[in-house]
Amino acid sequence: MKRLVVVLVAAGGLAWWWRRRSASNAEGDTWSTPTSSAPSATYEPPKLGGDVDPELLAILACPLDKQPVTRQGNYLVCGECQRHYPIRDGIPVMLIDEALTPEQASVAPS
Ligand SMILES: [Zn+2]
């Protein structure tokens, strides 16, 4: 019985070694043939606007003064400081650095 266990362990080890060997071979093959579908080839910069989940909209707040924001065109506007946070591809960008100040927003197309 003990002998059988030893044989099984040895067989398992051999299988592991063989799998490891073939895995590294397969890896070598992938390196030599790089895939042509690079994401940069089809990359497009995010567009302003898009559908924002109403539930997400309800919980969003201005990072500066924690006041609720309301949607105005392609922006979320803070009720307090009137900063305009852009919506890009349906994703609200709640960053002070990305927001338009009320002065900037008055000249930017919405
Ligand atoms: Zn604000």
Side-chain angles (χ1 to χ4, degrees):
M1 194 61 194
K2 229 174 194 174
R3 229 187 143 89
L4 185 66
V5 171
V6 170
V7 169
L8 279 176
V9 167
L14 190 71
W16 171 81
W17 170 81
W18 182 255
R19 243 178 303 159
R20 212 170 86 109
R21 214 179 86 109
S22 41
S24 60
N25 278 351
E27 215 168 44
D29 286 341
T30 352
W31 279 113
S32 60
T33 52
T35 45
S36 54
S37 58
S40 58
T42 52
Y43 178 77
E44 280 179 50
K47 292 184 224 39
L48 267 180
D51 290 327
V52 181
D53 189 343
E55 283 182 40
L56 177 66
L57 205 60
I59 57 164
L60 284 175
C62 173
L64 200 67
D65 41 46
K66 314 289 185 247
Q67 293 302 305
V69 291
T70 50
R71 183 158 186 176
Q72 284 181 27
N74 294 328
Y75 293 89
L76 296 178
V77 182
C78 171
E80 185 68 28
C81 64
Q82 300 293 314
R83 273 181 170 76
H84 285 51
Y85 296 94
I87 300 162
R88 295 193 182 128
D89 278 341
I91 299 160
V93 183
M94 304 305 289
L95 297 170
I96 295 164
D97 286 347
E98 297 285 321
L100 300 179
T101 61
E103 296 78 41
Q104 287 172 315
S106 63
V107 291
S110 59

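Only this structure's heavy atoms are used, side chains among them; waters, hydrogens and symmetry mates stay out. Note that ligands are numbered from 1 as they come in the structure, with each ligand's atoms numbered from 1 the same way.
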Pairs involving residues 69-82, ordered by first then second residue, that meet salt bridge (charged side-chain N to carboxylate O under 4.0 Å, His left out) (sequence neighbours left out):
none

Listing by chain and number, which protein N, O or S atoms are under 2.8 Å from the Zn ion (ligand 1)?
C62 SG, D65 OD1, D65 OD2, C78 SG, C81 SG

For residues 50-64, please give each side-chain donor-acceptor pair under 3.5 Å, one per line with the distance, not counting sequence neighbours.
residue: D53; atom: OD1; partner: E55; partner atom: N; Å: 3.1

Return the minimal non-hydrogen interatomic distance between N74 and G49, and the atom names on each side.
OD1-CA, 3.2 Å

Correct closest heavy-atom pair for C78 and D65 would be SG-OD1, 3.3 Å

Taking a hydrophobic cluster as the set of Ile, Leu, Val, Met, Phe, Trp and Tyr residues connected by side-chain heavy atoms closer than 4.5 Å, whether directly or through intermediates, do V69 and I96 fall within one such cluster?
yes

For residues 83-94, please give each side-chain donor-acceptor pair under 3.5 Å, one per line with the distance, not counting sequence neighbours.
residue: H84; atom: ND1; partner: Q82; partner atom: O; Å: 3.0
residue: R88; atom: NH1; partner: E98; partner atom: OE1; Å: 2.9
residue: R88; atom: NH2; partner: E98; partner atom: OE1; Å: 3.0
residue: D89; atom: OD1; partner: K47; partner atom: N; Å: 3.4

